[in-house]
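What follows is a short report on a single structure.
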Amino acid sequence: MLGEFASISIYTSEHSSRTAEQDRSKEVQRHVDQYGTTSKIELGKHRIIVCTHELWCQKEDGSNAGVRQFGRRPRCNVFIDEFPSSVGIIEVVPADLQALADELDRHPDYRSCALIVRDALDKHWRQCGSNGLFDHANLVDAIDLIELRAIPPELVSEATNPAQVHNALSAILRASAGRGFLWRARAAKEGGSTGLRKLVAYENKFRAHPGLVVLDATADCRTEIDNQRLFKTHSSPAVDYRHLSIIQVQAPVGMNGISSRSASAEDIKNYAEWIIGTVRSNKGTHEKVLVVVPL
């Protein structure tokens with residue numbers, strides 16, 4: 001909760017517990033001391049939330065319900081500061097596919113799916129490229145793919161190792177849709193046995209929807225799928241620099257290497273004071289100045 005506004009919540013890993021981040025910023029520490037910690041699962045109860053890109057990109061489930069929804073309805077306005085990393089990578093090895101097949105084999109209604117996965121596992125072994133080469137992952141036929149897509153989420157969540165089974169199934173589905181490849185590592189030693197085989201798949205975590213505003217000057221270059229624009233872009237007025245002139249000010253002797261990370265705190269302080277003094281002595285009475293420096 002932020003102050004008296006009970007409808008607002010902010011969540012990051014630094015806000016989750018008092019010991020979550022020992023090196024948290026002073027602003028976050030002050031917030032936690034004043035208002036307490038916040039829980040990810042509580043976000044759905046707040047009308048306005050502030051969270052990280054990573055949390056927003058996660059698939060909505062019982063552990064983070066509320067990030068994309070409020071009152072069981074999609075949030076109508078979402079503002080994203082800079083376009084997030086929108087592609088998720090899934091890597092599985094043959095043992096993961098074997099675990100998926102074994103799990104499906106436990107359910108009489110899905111033993112046909114187990115056979116499909118075992119066939120995909122066999123193709124995985126045979127189709128992997130020679131050492132270090134990448135091959136397109138053609139593991140499941142279109143008809144069989146429909147059957148795998150019908151596997152209910154409950155079956156996966158109730159597995160002995162849900163994460164392993166979920167990743168294996170996701171990798172097969174993604175790769176069979178053209179979003180994956182087979183990879184085999186080189187042997188650890190020359191003349192040794194074949195290196196590790198992997199199925200590498202990727203998924204698009206970004207989901208455009210009405211009411212989504214991305215605050216990023218280059219977002220339009222990264223949000224085009226199948227030649228279709230996902231966003232309307234808005235440009236700000238062009239800035240006119242014709243009346244500006246460039247003046248180079250020579251730093252005092254001894255301050256030429258001040259940008260080095262090895263500079264002492266005293267040298268940096270003196271350098272900053274010189275910059276401030278130089279700006280003040282050269283600006284007009286009613287001029288406002290913006291000074292930009294590294295963090």
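Every residue two or more places apart in sequence or in another chain that forms a salt bridge (charged side-chain N to carboxylate O under 4.0 Å, His left out) with R118 is listed here: D102, D105. Qualifying side chain to side chain contact (heavy atoms under 4.5 Å, CB included) partners for A99, counting only residues two or more places apart in sequence or in other chains: Q164. By the salt bridge (charged side-chain N to carboxylate O under 4.0 Å, His left out) test, E158 pairs with no residue at all, sequence neighbours left out.
Across H124 and V92, no two heavy atoms sit closer than the pair CE1-O, 4.5 Å.
Few gaps surround CD on Q98; more than 12 heavy atoms of other groups in view lie less than 6.0 Å from it. Counting heavy atoms of neighbouring residues, nucleotides and ligands inside a 6.0 Å radius, atom CZ of R126 exceeds 12 of them. Enclosure of atom CD in E266 is not indicated, since only 12 or fewer non-hydrogen atoms of other residues, nucleotides or ligands lie within 6.0 angstrom.
F70 and I10 are members of different hydrophobic clusters when ILVMFWY side chains are connected at heavy-atom separations under 4.5 Å. W125 is connected to V140 through a chain of hydrophobic side-chain contacts under 4.5 Å among Ile, Leu, Val, Met, Phe, Trp and Tyr, so both are in one cluster. Using a 4.5 Å cut-off between side-chain heavy atoms of Ile, Leu, Val, Met, Phe, Trp and Tyr, with links allowed through other members, L115 and I151 fall into different hydrophobic clusters. Grouping the Ile, Leu, Val, Met, Phe, Trp and Tyr side chains by contacts below 4.5 angstrom, directly or via other members, places V249 with Y271. Linking Ile, Leu, Val, Met, Phe, Trp and Tyr whenever their side-chain heavy atoms come within less than 4.5 Å puts W183 and I89 in one cluster.
Ring orientation note: the planes of Y110 and H107 are nearly perpendicular, at an angle over 60° on the 30°/60° scale.
For the pair D240 (side chain) and R242 (backbone), a donor-acceptor distance under 3.5 Å is present.
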